[in-house]
Amino acid sequence: MSTAGTQRDLPQVLGPADAGYDDARAIWNAMFDRRPREIWRCRDAADVAAAIDRARAQDLVIGVRCGGHSMAGHSVPADGLMIDLTPMGDVRVDPQRRRAWVQGGALLRALDVASQAHGLATTAGNVSHTGVGGLTLGGGMGWLARQRGLACDNVVSFEVVTAEGQSVRASTDENPDLYWGLRGGGGNFGVVTEFEFELHRTGTRAVSVELDFPVPGAAPAVAAWRDLAATAPRAATYAALVTGGVVTLGFVWVGEPDAGREHARALAALGRPSAERLVELSYLELQSRDDTTRGHTFRSYVKGHYLDELSDAAIEAFLAHDSKVGASLQAYGGAIADVPDDATAFSHRATAFEYVAATRWSDPAEDEGRKALVREGAARVGVLASGVYVNTLSDDGLNGVQRAYPPAKLARLRALKDHWDPDNIFHLNPNIPPSRAPSPTT
Ligand code: FAD
């Protein structure tokens, strides 16, 4: 296919026969090998509006792609039109005003690098090749969240192209209902072409502390870790991972390293580990520490839950995962819980820990077996859960959306959907079905 051209110089449009088509449709989870009919490589809001117009005219399903890390592969529509925001990856920082203007297709790495050049940062996720778009619209949990709130809590304004192709701004002053919904409601209400973030003087240093314990007999250590997490300073985010018969317990500290080292002494309460690591690193090193060099070659499956408390029964369930599964816990609290629950679409702010179980593999023959292992482990934790983070939903359908938002919020989100996207053209996402167009995919 060629460059589409009318009066305006329209964006490059890729079809299946074009060079670059396969790269443009490849996403983080290799399970999703979908072939859009057209990939519109958008450079600005006008391109996005033209792509929406085209999809509506041709009755093509729309997928919106930023970092391509959706657990469900939502950004690539089979035989539909993919709005590819990756050409819009720039970040502009004003260090005096402590603001960052982030284009809708930017990756976390771009935001962190531009901000840290001035000793500034805002909350972003733990893997630098994740997209700012999907992460922020679903909430955005990261190592700064207990100090500064979720990524969505730090958005001052959004520039949005609506289902009607109009450009609107959403902030406390303009379209405040939309502003409320975009902070946790996912990609349901339009295509965000720019995020304006508040930045903070975070410094550039971090500390990571990890203690390993063999799983048999580890429950008392996990219980002691849980008790410390409840009173930890906001600079510390307690995190745990169980995989391959070992549980790793510790925390990440963002701020003055000496204070982080001092706090690490508290972990003596966990007992004697089989191995321990205390690493001082830059904030940028921390933010890319969990990046995957083999990137988009793995197949992957994920289940998540929110836990209001980590009971002894939950600890037992956490430690019981198959060794091929990696199950993690990350502490919430602090500034996340300072925000009233009804202030944003994002929900479950009283969560104590976010739980995620995941596995990665290469051979398609393992698909069903691997998924079953994750489902079994997550089901044992799930009976004790209070909800779920919308950004960890995969094949959970409407039931997952109902666990992500309490009924009153879901009703408000549906009213918003009725207003901003009554035909549900943005439905490749954890979908809020509008009244008149039930969701075709959830
Ligand atoms: P995409 O697949 O590009 O987008 C996902 C969906 O978001 C799209 O289908 C669309 O509906 C919507 N969307 C994206 N951009 C826009 C936009 N500009 N306008 C409108 N809609 C848009 N989450 C955390 O909170 N913290 C973490 O530390 C974290 N780490 C992760 C690490 C990995 C390896 C992975 C795979 C996921 C992680 N997540 C994390 C979850 C992540 O936030 C979600 O998967 C998120 O949807 C990814 O966003 P994306 O832009 O990369 O994905």
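Since the model is a prediction, treat every value here as computed from it, not as a measurement. Read the numbers this way: they start at 1 and go in the same order the structure lists the ligands and their atoms. Side chains included, hydrogens not; waters and symmetry mates left out as well; all remaining heavy atoms used.
Looking at Ser70 next to ligand 1, an N or O pair under 3.5 Å apart turns up. In terms of polar-atom proximity, Gly67 is counted as a contact of ligand 1, with an N or O under 3.5 Å from an N or O of the ligand. For the pair Gly133 and ligand 1, the shortest N or O to N or O distance does not fall below 3.5 Å. No N or O atom of His129 sits closer than 3.5 Å to an N or O atom of ligand 1. Residue contacts with ligand 1: Val191 is placed with no nitrogen or oxygen under 3.5 Å of a nitrogen or oxygen of the ligand (distance criterion only). Remark: ligand 1 and Asn126 share an N or O pair separated by less than 3.5 Å (distance only, no angle test). Residue-to-ligand polar distances keep Phe195 apart from ligand 1: every N/O pair is separated by 3.5 Å or more. Residue Cys66 has at least one nitrogen or oxygen atom sitting less than 3.5 Å from a nitrogen or oxygen atom of ligand 1, judged on distance alone.
Counting only N and O atoms by type, the side chains of Arg403 and His305 include a donor and acceptor under 3.5 Å apart. The closest side-chain donor-acceptor pair between Tyr405 and Arg412, if any, does not fall under 3.5 angstrom. Using a 3.5 Å distance cut-off with no hydrogens or angles, the side chains of Asp367 and Trp361 do pair a donor with an acceptor.
Below 4.0 Å from some heavy atom of Asn429 lie the following atoms of ligand 1, by number and element: 11 (O). Taking every non-hydrogen atom of Arg65 and a distance limit under 4.0 Å, the qualifying atoms of ligand 1 come out as 3 (O). Within ligand 1, the atoms closer than 4.0 Å to a non-hydrogen atom of Leu85 are 17 (C), 18 (N), numbered from 1 in the order shown. Atoms of ligand 1 lying under 4.0 Å from any heavy atom of Gly187, numbered from 1 in the order shown and given with element: 11 (O), 21 (N).
We find that Arg56 and Asp59 are not joined by a salt bridge, their nearest charged nitrogen and carboxylate oxygen being 4.0 Å or further apart. Residues Arg25 and Asp33 are paired through a salt bridge, judged by an N-O separation under 4.0 Å between the basic side chain and the carboxylate.
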*asked:* Could you go through Asp173 and Ser171, starting from their C-alpha distance and side-chain angles, then the distance that decides it, and tell me whether this counts as side chain to side chain donor-acceptor pair (under 3.5 Å)?
replied: CA-CA 5 Å; Asp173 302 328; Ser171 67; 4.8 Å; no

*Decide side chain to side chain donor-acceptor pair (under 3.5 Å) for Arg148 and Thr123; before the verdict, give the C-alpha distance in whole Å, the side-chain angles of both, and the deciding distance to 0.1 Å.*
CA-CA 7 Å; Arg148 302 297 182 177; Thr123 304; over 6 Å; no

*asked:* Arg41 vs Asp47, test: salt bridge (charged side-chain N to carboxylate O under 4.0 Å, His left out). Steps then yes/no.
replied: CA-CA 8 Å; Arg41 296 187 42 81; Asp47 284 357; over 6 Å; no

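Regarding atom 32 (C) of ligand 1, its nearest protein heavy-atom neighbour is Val127 CG2, 3.7 Å. The nearest heavy-atom contact from the protein to atom 19 (N) of ligand 1 is Val192 N, 2.9 Å. If you check which protein heavy atom lies closest to atom 48 (C) of ligand 1, you get His69 CB, 3.8 Å. Given atom 41 (C) of ligand 1, the protein heavy atom at minimum distance is Asn391 O, 3.8 Å. Residue, atom and distance of the protein heavy atom nearest to atom 23 (N) of ligand 1 are Leu135 CD1, 3.5 Å. Atom 4 (O) of ligand 1 has as its closest protein heavy atom Val64 O, 4.1 Å. The protein heavy-atom contact nearest to atom 38 (C) of ligand 1 is Met71 CE, 4.2 Å. When only non-hydrogen protein atoms are considered, atom 27 (C) of ligand 1 lies nearest to Met141 O, 3.5 Å.
Results of the side-chain contact (heavy atoms from CB on, under 4.5 Å) test with Thr344 over Leu182, Asp153, Val155 single out Asp153 as the only residue that passes. Shown are Trp225, Tyr332, Tyr306; of these, the ring-ring contact (aromatic ring centres under 6.0 Å, His included) with Phe353 is made only by Trp225.
Residue Val302 does not touch ligand 1, judged by heavy-atom distances below 4.0 Å. Contact annotation for Tyr389 and ligand 1: only side-chain heavy atoms (C-beta onward) come within less than 4.0 Å of the ligand. Here Leu137 has side-chain heavy atoms under 4.0 Å from ligand 1, and that is the only part of it that gets that close.
Using cut-offs of 30° and 60° on the angle between ring planes, the pair Phe251 and Tyr238 is parallel.
Residue Ala151 places every heavy atom at 4.0 Å or more from ligand 1. Residue contacts with ligand 1: Gly140 is included, with a non-hydrogen atom under 4.0 Å away. The closest approach between any non-hydrogen atom of Gly68 and ligand 1 is below 4.0 Å.
Other residues, nucleotides and ligands contribute over 12 non-hydrogen atoms within 6.0 Å of the CG atom of Asp363.
Between the CG atom of Asp418 and the CG atom of Asn424 there is a distance of 10.0 Å, given to the nearest 0.5 Å.
What you find for Phe32 and Met71 is that their closest heavy atoms are CE1-O, 3.5 Å.
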